[in-house]
Structures are given as C-alpha cells and as structure tokens.
Amino acid sequence: MIEEPRIGVFICHCGVNIGGVINVPEVTEYASKLPRVTYAEHSLYTCSEAGLAAIRKAVAEHSLNRVVVASCTPRTHEPLFRETVKEAGLNPYLFEMANIRDQCSWVHMHEPGKATEKAKDLVRMAVAKAALLEPQTEPEVEVKDASLVIGAGVAGMTAALSMANQGFKVYLIEREKEPGGIVRRLYKLYPTLARSSEVVGPLAKAVKSHRNIELMTSTTLKEASGYVGNFNVILATPNGDKEANVGTIIVACGALNYRPPQGLYQYKVLDKVVTQEELDGILRRDDLGKPERIVMIQCVGARKGEIRPSALEAFPRSDTAELLRKILKARKEEGWPYCSRICCMNAIKNAILVKENSPKTDVVILYGDLRVYKEYEDFYKRARDLEVRFVRHIEEVPPEIAQTPEGKINVAAYDALSGLEVNFKTDWVVLSTPLRPRRGEVLLARMLKVPIGTDGFLMEAHLKLRPVDTNVDGVFISGTVSGPKDVSESIISGEAAAARASILMANRKVRTDAITALVDEDLCIGCGLCEEICPYGAPKIEAGKSKIREILCRGCGSCAAECLRRAITMRHFGDHQILEQVKALLVPTG
Amino acid sequence: MQKAVMVIGGGIAGIQASLDLANRGFKVHLVEKDPSIGGRMAQLDKTFPTMDCSICILAPKMIECAHNRNVQLLTYSEVKDVKGSIGSFKVKVLRKPRYVDESKCNGCGICAQNCPSEAPNEFDENMGMRKAIYMPFPQAVPRVMVIDKDSCIECGLCDKVCPADAIDREQQPEEVELNVGAITVATGFDMFDPSVIPQYGYGRLKNVITAMELERILCASGPTGGHLIRPSDGRIPRNIAFIQCIGSRDRREWINHPYCSSICCKYAVKDAVLIKEHEPNTVVTIFYIDLRAFGRGFQEFVNRAKSEFGIRFTRSSPGEISEDPSTSNLVVWFEDPTTRTVHHNSFDLVVLCPALIPRKGVGELAKILGVELDNYGFFKSADSVRKPLDTNIPGIFACGYCLGPKTGDVPDSITQGSGTAGRIAEILGAREAS
Amino acid sequence: MGESGLSSLSSDFMHEVANTPRGRGVLTCIQCGRCTSSCPVARVVEEHNPRKLMEMIILGSRSDVLLGQLPWHCLSCFTCLDRCPQGGDVGETMFAIRNLAVREGNIPKGTLVQAQSLFDTGRVVTPSRMALVNRQRYGLGKEPAVDVKDVQKILRKTCFSKLTSQGS
Amino acid sequence: MKKVKYAFFLGCLIPAREPNYESSVRKIAPELGIDLVEMEGANCCAPFSIQSVDHLSWLALAARNLCVAEQMGLDIMTLCNDCYESLLMGNTILKEDKEIRDKVNEILADVGLEFKAKTDVKTFVDVLHKDVGLVRVKNAIRRPFNGLQVAVQPGCHLTRPKRIHFGEWMGVTALDELVEATGAKSIAYERKESCCGGPLRGINDEVAQHVAKQKLDSIKAAAADCIVTVCPFCYLELDMGQLEIKRHMQLKEEEYDLPVLHFVELLRMAMGMELEDWEIRAHRTPITRVLKM
C-alpha cells in the first residue's frame with residue numbers, strides 16, 4: 001500500500017496564454033483546499049528555470065510525494081516536468097498534468113468565468129488521479145552495437161557504409177547474387193546521365209571490402225525475433241542458415257517496376273511495346289538503332305484506380321502481410337493509385353539519350369501532368385531543346401495501340417491542348433510504369449511487425465516527422481521500401497536511417513516507456529485474444545497465461561480493452577485511476 | 001573529449017540535424033539568425049496529410065532542442081567567419097543584442113503588454129502588429145523577449161514592469177568563437193515577391209495575397225484569429241482562386257527562378273481543403289500549369305480534394321488580374337482549357353503561390369564558408385546524385401531547402417536533416433569515443 | 001482551324017519552325033497558356049490562341065498553321081513575350097511562322113501593298129501629292145529623299161521582290 | 001548649354017501623314033539644345049509588317065539605315081516606336097550574331113556599305129529624358145497644364161520586349177515623368193500597357209478597331225481629358241480610329257471624343273509655343289478641350 005499522498009499543485013499563467021483568461025490565483029486558492037493537497041502555488045512560467053526550481057524547492061520543504069502541474073499540454077512538456085520531479089528525488093511517474101491551456105484558456109477565450117470553473121474541474125480531476133499514482137520503472141535494455149541491413153541497393157549500401165564507418169558491425173544481406181538493387185539494372189541516371197555503374201560500382205566495392213561489413217548475397221531474412229537493442233535474426237544463406245544478434249534493423253529492400261498485364265497497350269503482344277525499364281536495357285545494349293519515331297506513354301499503371309482507406313480498416317492491423325497480398329492482387333490489373341514520382345524524369349532521360357544518339361529520331365512523350373519537380377525543370381528544357389515533343393493527352397481516353405499494315409505501330413490519342421485527335425505512326429512504344437511494393441515485404445512486415453500503408457509500401461512512424469523510423473523501436477526504413485524515390489533521395493534516406501540507428505547503438509542503452517500492460521494471472525485464462533490483437537507482438541501465451549514482454553509493449557491499451565476477463569490493466573492508466581478521475585468530475589465535493 | 005559540430009539554421013531541418021547529432025553524442029551549436037528557432041514550419045497552419053497543427057507537432061522538437069544537454073542554442077546570432085578545415089573549423093558567431101538578459105527573462109510577456117510602441121509582425125507576414133519588445137510567437141524557443149530598437153521609443157516602461165529585471169538596453173553585440181569538427185547548413189528559403197510581376201497586382205490590389213499570408217490568416221494564432229476573411233473589407237470570401245507558379249518555372253532574366261519550387265501544388269491543395277473545412281460552401285479554384293502532386297499520399301489527396309471537397313482544378317496560367325473598384329472583387333483573365341478561349345471570372349480573394357527562393361544573405365554565408373552555390377543561388381551538392389548532402393568543402397554539409405527545392409516538404413527536410421547528421425557521424429563518429 | 005483529325009501531320013514541322021529565324025521560341029513553350037490569357041487579340045477574336053498555335057506546331061499540323069489566318073491576327077505587341085514565364089518567344093515565333101506562310105503564298109493584301117510600296121519607293125507609306133504640297137506650305141521643306149535604287153538592289157538580293165511579286 | 005546631336009530618322013508615316021508631329025519636333029528641338037541632322041537617303045526602317053515577310057530583308061534594310069548613321073558618326077534618334085523597335089532590334093541582332101552580320105554585309109557590299117556596329121538607336125523620349133533631362137525640360141515650361149488629366153499611351157514598341165529594354169529604362173515611367181513635367185497629371189488606367197491595335201491597321205482593320213476600343217473604353221473609364229502618344233501608329237489608331245470605330249460599330253456620336261495629342265505638341269504648348277491652325281486641324285478628333293485649358 002502506498003504512503004499517504006502529499007500532493008503539490010503548481011498552476012501556470014503561461015504568460016498571458018492562461019493568465020489572460022483564467023483567474024489563476026482563484027484556481028490556486030481552490031486547489032489548495034482540495035483533499036490531500038498539501039501545497040499549491042502559481043507561477044508565470046512553470047516551465048521556466050525559475051518555475052522548475054520552485055517545484056524542487058516545494059517538494060523538499062513540504063515533503064511532497066505527488067506533483068500536479070496545471071499548464072499546457074503533456075505532449076510538449078510532460079518529459080520536462082517528469083525530469084524535474086525526478087531531480088526533486090521522486091519517481092517521475094508520481095506526476096500528473098492538467099492541460100488548462102489548450103483545453104481551457106485557448107478554447108474558451110471569450111468566457112473567462114466559465115473557463116476558470118472548468119480549470120478548477122480539470123485540476124480537481126488531476127489531483128484525484130495523482131492520489132492513486134504509483135511509482136513506475138522504465139525498463140532499460142542493452143543495445144548490441146551491430147545492425148542488420150536488409151537489401152543491398154543504393155539505400156541499403158549507403159546505410160551500411162555510414163554505420164560501418166562509425167565503427168558498428170553491419171550484416172548486409174541481399175536477395176540477389178550481386179549488390180546494386182534495381183539501380184544496377186538501369187543504364188544511365190538523371191540528371192547527370194552518369195552510368196548507374198558509376199554509382200553502384202564504388203558503393204559495392206566499398207561494402208565488399210569494409211572490415212565492419214559482412215555482405216551476404218543470395219541471402220534473405222528467415223526469422224526475426226526480439227526487440228530494440230537485441231534482435232535475433234536467422235538469415236537463409238546459400239550455405240545454410242546463419243544466426244545473428246543485432247541492436248537495430250534497417251529495411252531497405254526496395255521496390256519493383258510495375259509490369260502491365262499482357263495486352264494493356266499491346267504489351268507482350270507487339271514486341272516493340274516495352275517498358276522504360278526494358279528500354280534502359282535496350283539502350284545499354286545499344287540495340288535501338290536509329291528508329292524514325294518513339295512514342296512514350298506516361299503513368300501506365302500509375303495514378304489509376306483508388307484505394308479507399310475505409311475498405312482497408314476492416315483488416316486487423318496485425319495482419320499487414322495479408323493486406324499487402326490483397327493490395328498487390330487487386331493492383332496487378334488496375335494499376336496503382338499513387339504518382340510514382342520518378343517516371344517523368346526517367347522518360348525525359350531516355351528521350352535525351354535517344355536524341356543524343358540519333359537526333360533524327362522523333363521522340364514523342366504523351367503525358368498528363370509533367371512532374372519534373374525541383375531543378376529537373378532544366379532537364380525538361382534540355383529535352384525540349386533537343387526537339388523532343390511533349391504532348392499532353394487526355395488521360396481519361398487511353399491511347400489506342402494498333403499494328404499497321406506496313407508493320408509499324410499506330411498510336412491514336414487525344415491532344416488535350418488542341419482538342420485534336422492525333423495519330424502517331426511509330427516504331428517503338430515505351431510505357432512509363434510506376435515503382436510498386438515487393439511481395440517480399442510480406443514476410444518482412446509480418447516478422448518485424450512493421451505496418452504497411454494503403455499504398456502497399458512500409459509505413460513510417462509518422463509521415464511528417466519520422467520518415468525513416470517505424471513504429472517498431474529499433475527498426476528503420478530507407479529507400480523505395482517506403483515509396484518511390486530517385487537515386488539521390490534513396491541515398492539521403494540511407495544516410496538518415498543510418499543516423500537514426502546509430503544513435504541507439506552509440507548510446508549502448510535504451511530506456512522504453514514504463515506505461516505497459518499488466519496481466520493479473522489469476523484472472524487470465526490464456527485465451528490468446530491479446531496475442532492476436534497486439535500490433536507489436538508483446539503478449540505471448542506461456543503455460544496457459546499471457547506474458548507481456550514489456551520491451552515490446554507500447555502501452556496502446558488495445559489488449560486491456562479487448563481482454564474479456566478484464567485481466568489486463570495498463571500501468572499508470574489503471575481502471576481505478578481513470579474511474580477516480582471521472583468520479584472527481586461528477587462529484588465536485590470529491 | 002566530446003566532439004563539437006555546428007548547425008546553421010534552426011528550421012525543421014536544422015532542428016532534426018541538431019537533435020540527431022546531440023543524441024548521437026556530439027556537442028551541437030545551433031546558430032539561428034532569428035530570435036527563435038522554428039523556421040517556416042512554425043508559421044504554417046496545418047500540415048498535410050494528418051492535418052496536424054504544424055506548430056503543435058513542431059514545438060516538442062523545439063523544446064527538446066532547448067532542454068537537450070548537448071545542444072547550445074545561439075539564437076539571434078549569425079556566423080561571421082569560418083577558418084580551418086574538416087575536423088577543426090574555427091567559427092566566429094556574432095550574437096546580436098536582444099537588449100534582454102536571456103538568463104533572467106522568463107518570457108512572461110508583461111513588458112509587451114505595457115509597451116506603447118508597435119511594429120508590423122514579421123511572423124504574421126506583416127499583417128498584424130507586434131510590440132517593440134516582443135516574442136516572435138507564443139511557442140518561441142527560447143522563451144525570451146527581444147527589443148526591436150528600430151521601433152523602440154526608449155520610454156523605459158518595460159524596465160519598470162519586468163518582474164525578472166531582465167531588460168538590458170546597454171547590451172552590446174557579442175562575438176563568440178567556437179571550434180567544431182563539422183558544419184551543416186540549413187538556412188531554408190525566402191518567398192519571391194510577387195509585386196515584381198505587376199499584372200497580378202500584388203501590393204496594389206488588396207485582395208491579392210500570398211500563400212504564406214493565407215497560412216497565417218487560417219492559423220488560430222494568426223492576425224485574424226483563424227477566421228478566413230479578406231483584407232479589403234473583412235468579409236468571408238466565397239469564391240477563391242489559387243494561382244500557381246508565380247515566379248517559379250520562370251526563366252525571364254528579371255525573375256530567373258527556372259526551377260519548380262516543388263511544394264506549391266501540394267500546399268495549395270492542402271490550403272484549398274482547409275478552406276473548405278473552414279467554410280464548406282466556398283468555391284475554390286486552383287489554376288495550375290502541371291499539377292505536381294508527387295510524393296507519398298499526395299495523388300490520393302488530390303483525388304479526394306476533387307471528389308470529396310469539390311475543389312476545382314483549371315489547367316491555365318492566368319495572364320492578369322484586374323479589380324472591380326466598387327466591390328474590390330478581382331477579375332482573373334485566363335484561358336478556359338475546355339473551350340480554349342479567353343475568359344474572365346470574378347473572385348473574392350486570389351492567393352498567389354510564389355516561388356521559394358534562396359535566403360537573403362546566403363551569398364555572404366557561402367563566401368564565409370567557402371562553399372559553392374548553384375545557378376539559382378542555392379547551396380550546391382558536391383554530386384547531385386551520389387553526394388547530395390555534401391558541399392564542395394569536406395566537413396561542410398547542407399540540408400533542407402537551402403539545398404534548393406529538393407522536393408522541400410517537411411518529411412524531406414527531416415530526412416535530409418537526419419542525413420547530414422549521418423554524414424557527420426560517419427566522418428567524426430569513428431574517431432570519437434562515444 | 002477546324003478540329004478535324006490531323007491527316008497531314010508532319011513531324012518535322014516543329015523542327016522547321018525552330019530552325020527558321022526567330023522561331024526558336026517554339027521549343028521553349030510549356031503550354032501554360034499565359035500568352036493566350038494575356039493576348040489583346042484573343043479577347044476579341046475567339047479562334048485566335050497563340051498557345052494553341054504553338055501546340056499545333058508541336059503536333060506538326062503544318063497546313064493548318066501556315067495556310068490559316070491566325071498568324072496574321074497577331075499584333076506583334078509582344079505582350080506574350082513579356083509574360084511568357086519561359087522567357088519564351090511566342091510573339092517572336094509568329095515572325096518565323098509568317099515568314100514561312102509568305103513562302104506558301106499566304107500573305108494578306110495589306111501587307112502585300114506595304115511590301116510592294118517598299119520595293120517601289122523605299123517606303124511602306126508614301127505621302128500623297130497634297131501632303132507634299134502642304135509640307136512646303138508648312139515650311140517643312142520637301143520630304144527627305146530615299147535611295148530607292150539601293151533599296152531595290154538589296155531587296156533583289158534577298159529575294160524579297162520574288163516573295164512579294166506574286167499576289168495573294 | 002550642353003548640345004546633343006543625333007542623326008534624325010523620320011521614317012515613313014510621319015512625313016506622309018503626320019506633318020504636325022514633325023513640325024512640333026523641329027520647333028522645340030533647338031529650344032532644348034537638340035541638334036537634329038537629316039539622314040540623307042535613309043530608307044524605311046522595315047517595320048514588323050516587313051519583318052513578317054522576310055527576316056533577312058528586314059535586317060539588310062535596317063543595316064543600311066544604321067550604316068548611314070555610322071557614316072555620319074552619330075547615333076540615331078527616332079520619333080516612331082516602330083522605327084525605334086525595328087532599328088534597335090536589328091542593331092542588337094547584327095551586333096550579337098556574327099553569322100547574320102556577315103550575310104548582311106555581303107548584301108550591303110553591292111551598295112558599297114558595311115555595317116560596323118558603331119551606332120546606337122534612341123527615341124525622342126529617351127533623348128528628352130536622359131540627354132536633355134527632366135530638369136531642363138521643367139525649366140523650359142512657361143504655360144504648365146495644371147490639372148490636365150492625361151492618359152499616356154506609351155505604345156508597345158517603346159516598352160517591349162522587356163528583354164531589350166529592361167534594366168536600361170522603362171519607357172512607360174520615362175514618358176509619364178515627361179508628361180508630368182508639363183504640369184499635367186498622368187493618370188493610371190487599366191489597359192495602359194496594352195496595344196492600340198495600330199499594327200493591324202490596313203491588314204485586319206476589324207481586329208485593330210476592337211483592340212483599340214478596349215483601350216479607349218478603359219481610358220474613358222478613367223475619366224481622362226486627353227490621350228498623349230509618342231508613336232504615330234498609336235496616334236493614328238486612337239485619333240482617326242475613334243471616327244472609324246464610331247462608324248463601323250454604329251456608336252453614338254458622343255461615344256468617343258477623346259482628344260489625342262503627340263507628346264511634343266503638349267510639350268510645345270507648355271513651353272508657350274501655340275499650335276498653328278493647320279496643326280490643330282490635323283487632329284481628326286477635336287482638341288479644343290485641351291487648348292482651352
């Protein structure tokens with residue numbers, strides 16, 4: 001049983017943000033009279049150094065054992081106050097926060113009276129919960145200073161080298177015989193028109209020779225278990241399975257080029273209808289010759305159809321693998337809804353290569369929107385100077401491809417800019433197709449518990465703020481595995497993922513949040529519902545009882561909510577604590 | 001001994017680089033020329049696609065910078081001189097006087113409440129007013145006031161009312177010299193001034209505004225308290241036009257920003273949707289040349305903007321805007337892409353999407369650092385494909401929009417920020433005993 | 001310009017225009033339509049659309065462009081040339097188009113008259129007898145003389161005379 | 001006082017149709033210290049109508065005029081915007097493009113001339129604004145047009161293309177400043193920078209008149225007392241044009257009665273030199289309203 005609570009309440013004016021609306025002294029006065037409150041004060045800025053010092057002082061002088069701060073949002077300030085409480089010698093979890101700015105002074109700006117009353121309610125509720133708070137300990141784990149990089153494309157190799165150069169051991173696995181990924185299959189790269197080998201070559205050479213990198217080709221990830229700092233992975237290599245123990249994992253297994261189904265634009269029917277990827281090969285082999293004309297069609301299998309998120313919410317979040325399988329199947333015919341970002345430049349690049357090799361060849365590019373972002377505008381200009389013809393066709397009416405008697409191909413399209421129907425007799429038709437997610441991710445996603453987005457690519461932890469993190473601690477994503485990117489963008493994300501991973505490894509230890517699920521073994525019947533529902537694979541049924549591996553638990557509370565036997569509660573958010581808060585709201589006298 | 005590095009520019013890219021480097025174990029000196037870190041992202045209302053309040057997701061990172069033991073914030077400061085080479089740069093930083101003692105001020109704002117002198121509020125794109133002693137915005141980091149001497153009338157009132165006795169009108173510029181092993185530049189962008197293109201009437205016609213001004217108008221902490229009203233008469237605009245590529249994709253020598261700014265199409269669609277959320281029965285039309293909704297989730301977002309929100313997309317670049325003097329409504333001349341004839345429609349409000357251009361003074365900084373700029377005046381990558389974040393000087397890197405419109409949205413800036421942290425850890429980390 | 005399907009597409013028309021003096025502009029065009037939105041003629045003549053004319057050239061619809069009236073609707077006021085974001089040369093390209101049109105015998109009466117006047121007198125506009133008398137009366141002296149022979153030598157050498165001898 | 005000396009390029013239209021333009025120039029030039037030397041044997045500048053027929057012919061004819069000035073050792077001063085544009089652009093192209101220059105010189109050889117890129121081209125506005133200077137112009141004013149609301153029509157070829165004029169000077173503002181030097185007010189009107197329609201005069205009159213009408217309507221809306229031009233084409237299209245528009249579009253008599261003056265006429269009167277009857281009568285749209293000021 002916990003000792004008699006002695007609660008200190010600290011109410012913040014937040015300059016004029018709160019004080020300008022709410023009568024802070026009145027709220028403080030009110031708080032000081034609440035049961036179990038030993039001390040209450042208000043300050044202009046509780047988060048300022050002065051304010052924090054006041055908290056430490058009060059804890060000491062009034063031997064407080066609980067602290068409530070009524071100010072702004074925990075999202076921004078809770079870590080700071082917890083740290084302060086800790087400095088004051090208390091367990092950081094003996095701290096509760098009431099948000100009387102965002103939820104009070106800001107939203108009730110024009111009703112100061114009522115706002116003040118609401119502030120009292122919020123403080124009262126916080127105090128009620130504070131009384132029941134218990135100390136928590138944050139699990140801390142060792143982090144192995146080794147990393148597994150899955151996929152030796154430009155992103156993977158860049159990430160591997162960055163970590164290896166920092167002195168970390170890196171296992172770099174590649175499903176194919178040679179490193180290089182899809183870039184290896186390209187001929188030249190925009191906008192520098194450097195040969196892809198000029199990029200892949202040095203990287204491959206470096207990863208092969210680096211003493212900290214163990215490159216394993218023709219190797220895939222067979223099994224992964226464990227958690228941040230301590231993943232156990234089994235790698236399927238040509239000479240049998242190999243086990244490794246790593247602190248972090250970077251997923252960089254790339255994407256594939258979408259191949260249209262046979263018959264779409266006569267693909268795989270007429271042999272001179274090819275994809276840009278195939279044209280790359282033809283150009284490398286110098287098999288193109290000097291044709292009279294080439295017609296390129298953009299967005300083949302891209303920006304088509306639509307995936308309604310609602311339709312996908314039906315899937316249990318744990319089974320991203322199944323989700324991706326369904327998406328891939330559906331998309332094979334219909335194409336992908338997203339813009340693949342790199343196809344416009346890619347087409348322009350090949351157009352330029354053709355023109356420079358054979359200026360007389362007439363190159364026509366049928367596009368919908370030309371997405372030559374950033375400085376690639378100059379690249380587009382260069383193509384126009386070479387007299388490449390850009391024709392904006394009406395995408396809703398797909399061009400019709402037909403063989404002509406004289407063995408050429410006729411492309412019939414509608415020009416959106418003149419309203420005319422145009423026919424191009426051409427030798428070649430080149431289809432610009434998007435990058436699409438790989439099936440191989442299915443296994444990975446399942447093993448690593450990384451969610452997959454509705455577009456089929458792996459999900460970032462936060463699309464805006466954490467682009468190379470995943471919501472699994474210690475697992476990072478880089479390159480096209482999280483959506484189409486060009487070479488430079490993949491290299492940047494490789495560096496970024498390496499930076500994020502190396503932080504964990506350099507610090508050797510990582511603390512995770514103490515707010516985790518707690519199983520009452522007397523009530524648990526081991527039905528396994530929690531195991532099924534958990535997105536992070538924290539619960540495991542052992543000997544008929546659910547065991548929570550705290551390090552994996554993210555405290556989302558799904559299991560606690562689902563558990564039919566009410567055997568699971570959340571630390572720091574126990575039912576009794578929440579209910580006490582609610583009671584405090586409904587029964588003002590407390 | 002702990003290795004030190006420097007980050008120049010405290011926008012989202014610089015903040016990310018600083019945090020990653022600090023957490024990696026480096027001592028980080030973060031130099032910001034404005035009184036607060038936060039940069040452009042702090043000015044935005046909401047961010048696609050989560051529609052999070054921009055400052056609300058940025059503030060925690062700003063505060064993390066302020067409280068991270070390894071980060072030294074040098075706000076209101078500028079780099080004046082750099083000597084040395086990779087591993088040991090000697091950097092002179094000029095700390096401009098705030099005339100407020102950083103160690104004493106707790107940002108209570110009482111001084112500003114009492115200050116009698118006002119000046120246009122830069123943070124609100126000069127639409128609202130702020131006091132001569134002010135905090136750029138409520139969530140500013142550090143929470144320290146600054147006196148703008150140009151508008152200060154030396155009445156001394158702030159001195160009298162300050163409970164922390166923090167006012168120091170005698171404060172002098174201070175030069176600090178720092179030794180760092182590597183530097184990353186993240187100075188961001190400025191906005192092209194649309195009044196350079198007279199036929200769009202910016203600066204002349206009241207209801208022609210820029211996208212950044214719109215962001216502030218839509219923002220709850222902005223000059224209108226988040227109410228979407230137009231400048232001329234405070235009425236709610238019912239019919240709004242966005243015009244893309246104002247100064248972008250523009251090769252005319254007196255403008256000369258031939259590149260695509262990369263984010264305008266995307267934020268315009270976002271703003272259009274925000275407007276619809278504010279005022280559902282507003283008609284929003286976006287005039288564009290090529291709709292560049294690339295990047296994860298954007299195409300899907302555009303589809304929704306069309307089908308769910310009924311945003312109108314018109315592929316035409318208007319020629320000129322004139323004003324109906326009686327109503328201050330705007331007449332936009334454009335080619336109707338369906339009939340291919342010239343039309344003129346009336347709008348209550350026109351939002352121009354100006355080019356994003358190199359920061360003012362970036363040329364001098366480049367000279368000081370000895371790094372090359374590209375044809376447009378952005379920092380130049382050592383190799384745009386293989387070494388996108390490196391400059392021509394070993395040990396000096398760049399990230400975010402100062403590298404040019406490398407798609408330039410928030411996730412990319414963050415990736416680049418982390419990326420430079422990776423590059424620096426790569427060259428200094430190995431030698432360092434962390 | 002009828003919207004009939006383009007039977008007679010000549011893929012090298014863009015090349016031809018681009019390589020005619022003042023014609024390079026056709027390559028800078030990104031079809032944004034700012035020229036048309038700014039064109040004073042497009043406001044009064046529905047079918048006049050500089051942007052579309054550029055597109056027709058890109059498509060290679062040679063006969064529609066060179067035999068039509070549109071190139072001759074252009075005022076050469078260069079508004080488009082000022083406003084084209086590509087610093088492009090729609091207004092300039094019009095000269096290339098008209099030069100080519102003239103070679104196809106497409107030249108408006110008014111232009112032909114000026115051209116022939118130029119060849120005969122060295123001036124596109126010549127004073128009436130009355131005007132000459134007045135000049136004297138107003139004390140402006142007789143009109144400045146033109147060296148017609150030299151002008152004609154030059155115009156023969158440039159084949160100008162040939163171009164404008166045939167009527168339209 | 002400082003004298004400025006130019007080869008005087010009169011062009012075709014002015015001597016043929018607008019002697020009142022020429023006469024006023026010849027009257028005020030000496031007063032302002034401008035020495036105008038006739039260009040013996042100069043030919044047509046080859047305006048855009050000729051440029052539309054053949055590129056090379058234009059450059060050759062322009063080059064011939066430039067050679068005449070070169071032999072005089074003087075820069076050229078034009079009155080007409082089209083002459084200005086034709087000679088300026090021709091000069092620029094010939095100076096920059098060696099290939100075409102050689103071609104042209106080969107042609108000029110037959111008439112014993114060679115383009116040496118030694119001359120420059122200015123317009124009267126340019127000369128007044130830069131060489132004479134606003135101060136001297138202001139000092140010459142005896143009878144200022146205070147309160148006169150002037151719609152300035154600079155004319156396209158004075159201000160465009162910007163790629164040539166930008167940075168050097170902006171014809172619009174220069175002319176505005178000169179007009180205001182006479183005491184008049186240069187008012188803003190919507191279509192100020194747009195074309196008068198003149199270029200299509202005689203080639204496609206209907207289009208020309210519709211374009212002119214856009215301009216006149218916008219000037220009317222701005223309640224101007226008169227229009228002031230420097231280009232003889234603009235003058236013709238806006239002065240004579242008003243009658244034609246009224247006729248062809250069956251508009252009421254009072255629809256348009258906007259006096260159109262050559263800038264030099266305004267300046268001349270402001271300098272205290274009355275117009276003669278024939279000069280007043282030369283205007284198709286009566287200018288009495290301005291004379292009464």
Side-chain angles (χ1 to χ4, degrees), chain A residues 13 15-17 44-45 48-51 75-77 80 106 162 165-167 189 191-192 194 199 303 306-307 337-339 341 369-378 381 416 418-419 455 457 460 463-465 467-468 482-483 487-489 491-493 495-496 498-500 502-503 506-507, chain B residues 20 23-25 47 49-50 52 56-57 59-61 63 67 106-109 113 138 143 163 249 258-260 262 290-300 303 337 340 374 376 383-386 388-389 404-407 410-411 414-416 418-419 421-423 425-427 429-430 434:
Chain A
H13 289 255
V16 293
N17 275 304
L44 277 165
Y45 266 100
S48 65
E49 272 319 308
R75 181 139 73 160
T76 59
H77 285 64
L80 172 64
W106 275 1
S162 175
N165 289 338
Q166 296 179 51
L189 306 173
T192 56
V199 174
R303 300 165 67 208
E306 199 177 349
I307 307 176
Y338 52 80
C339 160
R341 177 178 192 137
D369 283 298
L370 217 45
R371 296 182 169 176
V372 285
Y373 56 98
K374 54 177 157 174
E375 64 270 49
Y376 297 146
E377 227 7 91
D378 286 351
K381 176 78 162 52
S418 65
D455 56 8
F457 291 103
E460 312 88 343
L463 202 143
K464 267 266 179 284
L465 294 179
V468 296
S482 61
V487 175
S488 63
E489 289 157 357
I491 287 177
I492 291 171
S493 73
E495 286 288 355
R500 303 288 296 161
S502 61
I503 290 170
N507 292 320
Chain B
D20 285 343
N23 293 331
R24 173 67 176 72
T47 59
T50 46
D52 285 312
C56 301
I57 60 174
K61 281 178 172 286
I63 290 169
H67 291 289
N106 58 21
C108 66
Q113 274 181 316
R143 292 202 54 88
R249 302 183 71 183
Y259 52 85
C260 163
S262 294
D290 290 287
L291 193 66
R292 294 185 168 171
F294 58 89
R296 191 168 196 180
F298 281 101
Q299 183 61 47
E300 295 87 327
N303 298 346
R340 297 176 200 83
D374 66 18
Y376 318 135
D383 178 325
S384 59
V385 175
R386 284 180 292 185
L389 302 177
K406 304 221 176 294
T407 79
V410 169
I414 288 182
T415 311
Q416 291 170 18
S418 294
R423 292 288 297 132
E426 198 176 340
I427 57 168
S434 61

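Letters A, B, ... mirror the listed sequences (proteins, then strands); counts begin at 1.
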Asker: Measure across B:S262 and A:Y373 and return the closest heavy-atom pair with its distance rounded to 0.1 Å.
Answerer: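 Answer, listing the atom of B:S262 first, then A:Y373: OG-CB, 3.7 Å.
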Asker: Would you say the side-chain atoms of A:D369 pair up with the backbone N or O of B:L291, donor to acceptor, closer than 3.5 Å?
Answerer: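 Looks like yes, one N/O pair under 3.5 Å.
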Asker: Can B:D374 and A:E375 be said to form a side chain to side chain contact (heavy atoms under 4.5 Å, CB included), step by step?
Answerer: CA-CA 10 Å; B:D374 66 18; A:E375 64 270 49; 5.7 Å; no
Asker: Between B:R296 (side chain) and A:L463 (backbone), is there a donor-acceptor pair under 3.5 Å?
Answerer: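 Side chain of B:R296 to backbone of A:L463: no pair is present.
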Asker: Check side-chain hydrogen bond (donor to acceptor under 3.5 Å, both in side chains) between B:R292 and all other residues, then give those that pass, not counting sequence neighbours.
Answerer: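 So B:R292 forms a side-chain hydrogen bond (donor to acceptor under 3.5 Å, both in side chains) with A:E377.
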Asker: A:D455 versus B:E300: any side-chain heavy-atom pair under 4.5 Å?
Answerer: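 Answer yes - side chains close enough.
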Asker: Is there side-chain contact between A:P191 and B:V385, with at least one heavy-atom pair below 4.5 Å?
Answerer: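 SC-SC contact between A:P191 and B:V385 confirmed.
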Asker: Please flag which part of A:L44 lies under 4.5 Å from any non-hydrogen atom of chain B: side chain, backbone, both or neither.
Answerer: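 Just its side chain gets close to chain B.
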Asker: Please identify, among A:V468, A:I491, A:V372, the residue contributing the most non-hydrogen atom pairs under 4.5 Å to chain B.
Answerer: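 When all of A:V468, A:I491, A:V372 are compared, A:V372 has the most.
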Asker: So which atom in A:T192 and which in B:S384 form the shortest heavy-atom distance, rounded to 0.1 Å?
Answerer: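 Reported closest heavy-atom pair: CG2-OG, 3.5 Å.
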Asker: Looking at B:P411, B:A421, B:P60, B:G295, which one has more heavy-atom pairs under 4.5 Å with chain A than the rest?
Answerer: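 Among B:P411, B:A421, B:P60, B:G295, the one with the most close pairs to chain A is B:P411.
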Asker: Looking at A:A499, A:P467, A:G51, A:A194, which has the largest count of heavy-atom pairs under 4.5 Å with chain B?
Answerer: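 The candidate making the most pairs under 4.5 Å is A:P467.
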Asker: What part of A:V199 lies closer than 4.5 angstrom to a heavy atom of chain B: side chain, backbone, both or neither?
Answerer: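 Both parts, backbone and side chain.
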Asker: If you measure from OH on B:Y376 to NZ on A:K374, what distance do you get to the nearest 0.5 Å?
Answerer: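 Interatomic distance, B:Y376 OH to A:K374 NZ, rounded to 0.5 Å: 11.5 Å.
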Asker: Below 4.5 Å, heavy atoms only, C-beta onward: do A:R500 and B:D20 meet side chain to side chain?
Answerer: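 With C-beta onward as the side chain, the pair touches.
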Asker: Using heavy-atom distances under 4.5 Å, tell me whether A:I492 contacts chain B through its side chain, its backbone, both, or neither.
Answerer: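 Contact with chain B involves both backbone and side-chain atoms of A:I492.
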Asker: Among A:E495, A:E460, A:R371, which residue forms the greatest number of heavy-atom pairs with chain B at distances under 4.5 Å?
Answerer: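 Looking at each of A:E495, A:E460, A:R371 in turn, A:R371 comes out on top.
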Asker: Measure the CG-CD1 distance between A:L465 and B:I57 for me, rounded to the nearest 0.5 Å.
Answerer: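 The distance works out to 4.0 Å.
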Asker: Contact part of A:H77 toward chain B, heavy-atom cut-off under 4.5 Å: side chain, backbone, both or neither?
Answerer: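 Side chain only.
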Asker: Closest heavy-atom contact between B:G422 and A:S162?
Answerer: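 What the structure gives for the nearest pair is O-OG, 3.7 Å.
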Asker: Please flag which part of B:R386 lies under 4.5 Å from any non-hydrogen atom of chain A: side chain, backbone, both or neither.
Answerer: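 For B:R386, backbone and side chain are both near chain A.
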Asker: Minimum heavy-atom separation for B:I414 and A:K464, please, with both atom names.
Answerer: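 Looking at all heavy atoms of both residues, the closest pair is CD1-O, 3.4 Å.
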Asker: Please classify the contact between B:P258 and chain A as side chain, backbone, both or neither, with a heavy-atom cut-off of under 4.5 Å.
Answerer: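 Both backbone and side chain.
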Asker: Under a 4.5 Å heavy-atom cut-off, does chain B meet the side chain of A:L370, its backbone, both or neither?
Answerer: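 Interface part for A:L370: both.
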Asker: Measure distances from A:L189 to the heavy atoms of chain B and classify the residue's part below 4.5 Å as side chain, backbone, both or neither.
Answerer: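 Answer is side chain: those atoms of A:L189 sit under 4.5 Å from chain B.
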Asker: Provide the closest heavy-atom pair for A:G419 versus B:R340 in the form atom of the first, atom of the second, distance.
Answerer: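 It is CA-NH2, 3.0 Å.
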